[in-house]
There are 2 protein chains.
Amino acid sequence: MTTEPLSRARILAAAIDLIEREGADAVSMRRIAAELGVGVMSLYNHVPNKDALLSGVAETVLSGIEFTDDPGAHWSDRVRTQAHAFRQIAHHYPRSTMLVVSRTLHSSAGLLPVERALATLRGAGFDGIDAVRMLRMFIAFIVGSLLREVGVTPTFAPPQQHRAVSAEHVDPELFPHVSELAPLLVSCDHEAEFEFGVEMLIQAIAVHPARREGTR
Amino acid sequence: MTTEPLSRARILAAAIDLIEREGADAVSMRRIAAELGVGVMSLYNHVPNKDALLSGVAETVLSGIEFTDDPGAHWSDRVRTQAHAFRQIAHHYPRSTMLVVSRTLHSSAGLLPVERALATLRGAGFDGIDAVRMLRMFIAFIVGSLLREVGVTPTFAPPQQHRAVSAEHVDPELFPHVSELAPLLVSCDHEAEFEFGVEMLIQAIAVHPARREGTR
DNA sequence: AGCTTGCACGTACGGTGTACGTACGTCAAT
DNA sequence: ATTGACGTACGTACACCGTACGTGCAAGCT
């Protein structure tokens, strides 16, 4: 039994593991300590408090994004690549993603993605202020998407017994469109929806008047 | 002292009031009961459990959106109006908004907005599937925006002492763009950003090939 | 009258985050 | 070699949480 000496990293790893296995609600200092076979208060030697621990989790997850940026590619391809890089965390760490998006990061963990994105947008021909605005719009869209994609499973729902609207009973008189499109509303191919949104945004960027196309 | 007989509505009102005054973390059954001058367990006669109570809060807030839809107006104006209607909840109930966006609604409280939005998008010339996709993209953007706008103040932060990046120290060598645009990144006019995003999305919709312009 | 029903309440249990005091290793200076 | 400081692991304790359970009271019905 190698009693590795406990560290912030081990604690964070255990926390992430626990979140992914049993959901964010299962996280407690006692639970994590038990998971590591260690006393509760020992954790506080490496982490100031629970809030900081969760921030650490968010940070760790966020910094796990694989960024393979090719500065030579067309800006639209770079945008696509970076958007998908963001979305990958929702696949690797579905439960933990909620933490990342619902928590205000007070660290510079997400600085590299921002740098890459700004570079791409400047490369697309925007000046500073518009690049920032575009980035913020993109982030809003991505965060919103991930929230929908991930929030569907708060901890463990009985397999989608009736997702909100469902076909159960929507008065076609009061809600004709909802009623007609109910089949489309109840199911959601997150992959496809995300793809669609990204393409729309790229399109929106492409036609924006503030872009100076040929600018290098 | 008129001892009004306690009801789900009064409990929800007290909960919302408490959330807005002291943040979502301050909400507990005991706290709400104390606020109403009532025993803790009396709440359970009107609300099955805390989770349902919070869902009720989200529902109440959501159904407070003022929708003044003019079916005769141009679709782009209708989109603008509806987008801003959504955003208004972030102003009336900033703290509670977090609940609305981070919680999976299992009720049909948000059905009317969906109906209006679909009507607008169909009116803009989209078929069913594209209307749903557009709507989902819009919702993702709006939710993401509100999350940024509201999440900045988790409960009560010291007045923005240094928002993540700040100018404190960003290596211009490693992060040239972030460094250069730091002044723009640290401050955020949410109103303007939202406006900008909405216009971009409207633009994106306007140029989308699947739209059949003249269709009635 | 009796009976049922529903609401307000108090108590109690198992859980939470964490402040505090303590015991035990390792290392530096004496 | 001894001493002391220091960091780490730990157990206990406190205040608070959600809520299961049982009790009493008032209103309405038969």
Side-chain angles (χ1 to χ4, degrees), chain A residues 1-19 21-59 95-96 98-99 102-104 106 154-157, chain B residues 1-19 21-59 95-96 98-99 102-104 106 154-157:
Chain A
M1 181 75 85
T2 70
T3 65
E4 199 174 343
L6 194 56
S7 64
R8 180 181 155 93
R10 276 193 60 198
I11 294 176
L12 290 183
I16 292 177
D17 193 57
L18 180 59
I19 292 177
R21 277 187 295 120
E22 308 195 18
D25 289 354
V27 176
S28 80
M29 300 304 266
R30 285 172 164 81
R31 193 78 167 68
I32 293 176
E35 212 81 10
L36 290 166
V38 107
V40 192
M41 294 314 290
S42 307
L43 301 178
Y44 287 87
N45 289 321
H46 307 268
V47 159
N49 53 45
K50 186 185 181 181
D51 206 61
L53 188 153
L54 293 181
S55 287
V57 168
E59 212 174 308
R95 316 292 262 275
S96 308
M98 280 292 284
L99 276 185
S102 65
R103 183 159 270 272
T104 27
H106 286 307
T155 40
F156 235 5
Chain B
M1 181 74 86
T2 70
T3 64
E4 202 174 340
L6 192 60
S7 65
R8 181 182 154 93
R10 277 192 56 198
I11 294 176
L12 290 184
I16 292 177
D17 193 57
L18 181 59
I19 292 176
R21 277 186 295 119
E22 309 195 17
D25 289 354
V27 177
S28 80
M29 301 305 267
R30 286 172 162 82
R31 195 76 167 71
I32 294 176
E35 212 83 8
L36 290 166
V38 106
V40 193
M41 293 315 288
S42 307
L43 301 178
Y44 287 87
N45 289 321
H46 307 268
V47 160
N49 53 47
K50 186 184 182 183
D51 207 61
L53 189 152
L54 293 181
S55 288
V57 168
E59 213 173 307
R95 318 289 262 277
S96 308
M98 281 293 282
L99 277 184
S102 65
R103 180 160 271 274
T104 27
H106 286 306
T155 41
F156 234 7

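Worth knowing before you read on, the calculation uses all heavy atoms, side chains too, and leaves out hydrogens, waters and symmetry mates. Throughout, protein chains are lettered first and strands after them, A, B, ... in sequence-line order, and every chain is numbered starting at 1. On a predicted model such as this, the values are computed, not experimentally measured, just so you know.
The stretch residues 34-45 of chain A touches DNA chain C through A/V40, A/M41, A/Y44, each having a heavy atom under 4.0 angstrom from the strand. For residues 50-58 of chain A, proximity to DNA chain C is found at A/K50, defined as any non-hydrogen atom under 4.0 angstrom from a strand atom.
In this structure, B/I32 and B/A14 approach most closely via the heavy-atom pair CG2-CB, 4.3 Å.
For B/H46, a side-chain nitrogen or oxygen approaches OP1 or OP2 of C/dA8 to under 4.0 Å. Of the side-chain N and O atoms in A/S28, none sit less than 4.0 angstrom from OP1 or OP2 of C/dG15.
In this structure, B/L53 and B/M29 have side chains that are in contact, with non-hydrogen atoms separated by less than 4.5 Å.
Judged by distance alone with a 3.5 Å cut-off, a donor-acceptor contact links the side chain of B/R30 to the base of D/dG18.
Between the CZ atom of B/R10 and the C1' atom of C/dC7 there is a distance of 14 Å, rounded to whole Å. Rounded to a whole Å, the CG atom of B/D25 is 13 Å from the C1' atom of C/dG17. Atom P of nucleotide C/dG14 and atom CE of B/M29 are separated by 21 Å, given to the nearest angstrom.
With sequence neighbours excluded, the residues that form a salt bridge (charged side-chain N to carboxylate O under 4.0 Å, His left out) with B/R31 are B/E22, B/E35.
Between the CG atom in A/L43 and the CG atom in A/N49 there is a gap of 12.0 Å [rounded to 0.5 Å]. Here the CD1 atom belonging to B/I11 is positioned 8.5 Å from the CG atom belonging to B/N45, to the nearest 0.5 angstrom. To the nearest 0.5 Å, atoms OG (A/S96) and CD1 (A/I16) are separated by 5.5 Å. Annotation: the span from A/L12 atom CG to A/L54 atom CG amounts to 9.5 Å, rounded to 0.5 Å.
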Should A/K50 and A/V27 be marked as a side chain to side chain contact (heavy atoms under 4.5 Å, CB included) after you check the CA-CA gap, both sets of side-chain angles, and the distance that decides it? CA-CA 9 Å; A/K50 186 185 181 181; A/V27 176; 4.3 Å; yes

